[in-house]
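Here the structure is laid out as structure tokens; the discussion comes afterwards.
Counting starts at 1 for both ligands and their atoms, following the listed order.
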Amino acid sequence: MTKQFLCFLLLLSIPFLCESRFVVEKNSLSVTSPDSIKGAHDCAIGNFGIPQYGGSMAGTVVYPKENQKSCKEFSDFSISFKSQPGALPTFLLVDRGDCFFALKVWNAQKAGASAVLVADNVDEPLITMDTPEEDAASAKYIENITIPSALVTKGFGEKLKKAIGGGDMVNLNLDWREAVPHPDARVEYELWTNSNDECGVKCDMLMEFVKDFKGAAQILEKGGYTQFRPHYITWYCPHAFTLSRQCKSQCINKGRYCAPDPEQDFSSGYDGKDVVVENLRQLCVFKVANETGKPWVWWDYVTDFQIRCPMKEKKYNKECADSVVKSLGESL
Ligand SMILES: *[C@@H]1O[C@H](CO)[C@@H](O)[C@H](O)[C@H]1NC(C)=O
Ligand SMILES: *[C@@H]1O[C@H](CO)[C@@H](O)[C@H](O)[C@H]1NC(C)=O
């Protein structure tokens, strides 16, 4: 539990991280030529490699004459996909089956491909290509996969092969600009934080991060590009201990909301419950700021509070917090 307390996480709310159900992350793929298959098609981003979030990439699709499943090294067939200077990058189309997705992508990358499209071998809704679990041999190459990959449907794979087989030059764009969830055109993210400033290196890192990120966070929020939400971790005191000295000093509301004692010393300095109360105040500041349409004011409050009301100067209290609120004046 303490570990969670000490950690802070900036979670981009990527669906597969935050939700228990598994969401296939899709990006858009559009064929620019030939005309016969021009248009947008869905594909599912591989769960390894580096999708170019926020960007797009144009390339020419190549379907290898040999090693079509890309399970062997292309050098064994004297095949290379390195594009000539000035030419579009190669997007290698390979078939699903016989080996792990990640191995196919790794072999393609080594042969010079810039992206991989895996054509499904059964008619089904798109799935996310995942990495093999706990396989020591593959673990070594997976971390070196840098090219993006995507699964395409069997039907679309066949259309691509037909066009390539017919001598057409097949050009397409892979586009990741729509892959970050932003249902209302804003990216939503959550910041897990804590007002405790005396827990050592982790608290120092958290405070540094908040200070450094404030400028960018406020620009993004004011510009309507993001919608953020701060969270404060609390835990509760097990029922049997609600009357113990520890829980009395660390918790409010009969043990329902607790934070660890900042100095790990129940008899001196601030208590865990002081942290809970300040965390609550900061959440309240966010609520009010958000309701008045200025959520970014939260960043001003928390950074001012850090500077003006540190525990080591014995100013981590309501009076100091009130003075910070006052100085924000009109904006809150
Ligand atoms: C992965 O990259 C590292 C660092 O460049 C290298 O030392 C290692 O041999 C690579 N692994 C494989 C399997 O190529
Ligand atoms: C902040 O305000 C917006 C707009 O009023 C609302 O949609 C959103 O749910 C609020 N966020 C929180 C965490 O209350």
Side-chain angles (χ1 to χ4, degrees), residues 8-15 17-19 46-50 67 70-76 79-82 92 94 99-116 129-149 180-195 210 213-214 216-234 257 276 278-303 325 328 330-332:
F8 63 94
L9 297 168
L10 174 68
L11 283 183
L12 279 170
S13 52
I14 294 170
L17 287 176
C18 297
E19 292 179 22
N47 202 11
F48 46 82
I50 307 182
N67 197 21
S70 191
C71 291
K72 297 186 183 124
E73 303 228 7
F74 284 97
S75 56
D76 295 349
I79 298 178
S80 164
F81 304 110
K82 293 211 170 50
L92 190 66
V94 303
C99 63
F100 292 125
F101 289 126
L103 181 62
K104 296 174 191 285
V105 178
W106 177 233
N107 285 332
Q109 176 177 318
K110 280 192 294 185
S114 299
V116 176
M129 299 184 289
D130 214 339
T131 49
E133 277 170 27
E134 304 299 322
D135 170 1
S138 51
K140 285 202 190 69
Y141 63 76
I142 285 168
E143 62 184 29
N144 290 14
I145 295 178
T146 53
I147 63 171
S149 57
V180 177
H182 53 174
D184 56 358
R186 283 185 294 189
V187 169
E188 288 157 30
Y189 71 95
E190 326 211 334
L191 176 73
W192 290 81
T193 184
N194 188 356
S195 66
V210 170
F213 193 57
K214 172 185 163 186
Q218 290 188 319
I219 290 169
L220 292 169
E221 202 73 14
K222 286 178 189 173
Y225 302 109
T226 56
Q227 181 170 32
F228 92 107
R229 172 175 199 158
H231 290 278
Y232 293 81
I233 299 158
T234 69
Y257 303 103
V276 178
E278 179 53 31
N279 286 349
L280 192 59
R281 193 178 286 120
Q282 298 194 352
L283 268 180
C284 184
V285 166
F286 178 74
K287 188 164 178 274
V288 173
N290 192 49
E291 276 167 7
T292 48
K294 295 178 189 161
W296 53 85
V297 173
W298 177 87
W299 292 89
D300 292 321
Y301 175 83
V302 297
T303 49
V325 170
L328 292 173
E330 287 292 286
S331 45
L332 204 59

Task: Separation between CG of L220 and OH of Y189, rounded to the nearest 0.5 Å - done: 6.5 Å
TODO: Might you point out which heavy atoms bring S149 and V105 nearest each other, and give the distance in Å?
DONE: CB-CG2, 3.7 Å
Task: Straight-line distance of L191 CG to H231 NE2, nearest 0.5 Å - done: 9.0 Å
- [ ] Find all atoms of ligand 2 within a distance of less than 4.0 Å from any non-hydrogen atom belonging to F286, and give their numbers and elements.
- [x] 13 (C)
- [ ] Return yes if some donor-acceptor pair links the side-chain N/O of Q109 with the main-chain N/O of T146 below 3.5 Å, else return no.
- [x] yes
TODO: Please report the shortest heavy-atom distance between W298 and A289, naming the atom on each side.
DONE: N-CB, 4.4 Å
Open item on the list: Looking at S195, is its backbone amide N or carbonyl O close enough to the side chain of N279 to form a donor-acceptor pair, meaning the two atoms are under 3.5 Å apart?
Closed with: yes
TODO: Report yes if the distance between the aromatic ring centroids of F286 and F228 is under 6.0 Å, otherwise no.
DONE: yes
Open item on the list: For atom 9 (O) of ligand 2, tell me which residue out of E188, K287, E190, Q227 has the closest non-hydrogen atom.
Closed with: Q227
Open item on the list: If you scan the protein for heavy atoms around atom 11 (N) of ligand 1, do you find one that is closer than 4.0 Å?
Closed with: yes
Open item on the list: Please tell me if atom 14 (O) of ligand 2 is touched by the protein, where touching means a protein heavy-atom distance below 4.0 Å.
Closed with: yes
- [ ] Provide the number and element of each atom of ligand 1 under 4.0 Å from a heavy atom of W106.
- [x] 14 (O)
- [ ] Do me a favour and list the nearest non-hydrogen protein atom to atom 2 (O) of ligand 2 with residue, atom name and distance?
- [x] N290 ND2, 2.4 Å
- [ ] Would you verify that at least one protein heavy atom lies under 4.0 Å from atom 7 (O) of ligand 1, or report that none does?
- [x] no
Task: Candidate with minimal heavy-atom separation from atom 1 (C) of ligand 1, of I142, N144, I145, T146 - done: N144
Open item on the list: Any protein heavy-atom neighbour for atom 4 (C) of ligand 2 (distance below 4.0 angstrom)?
Closed with: no
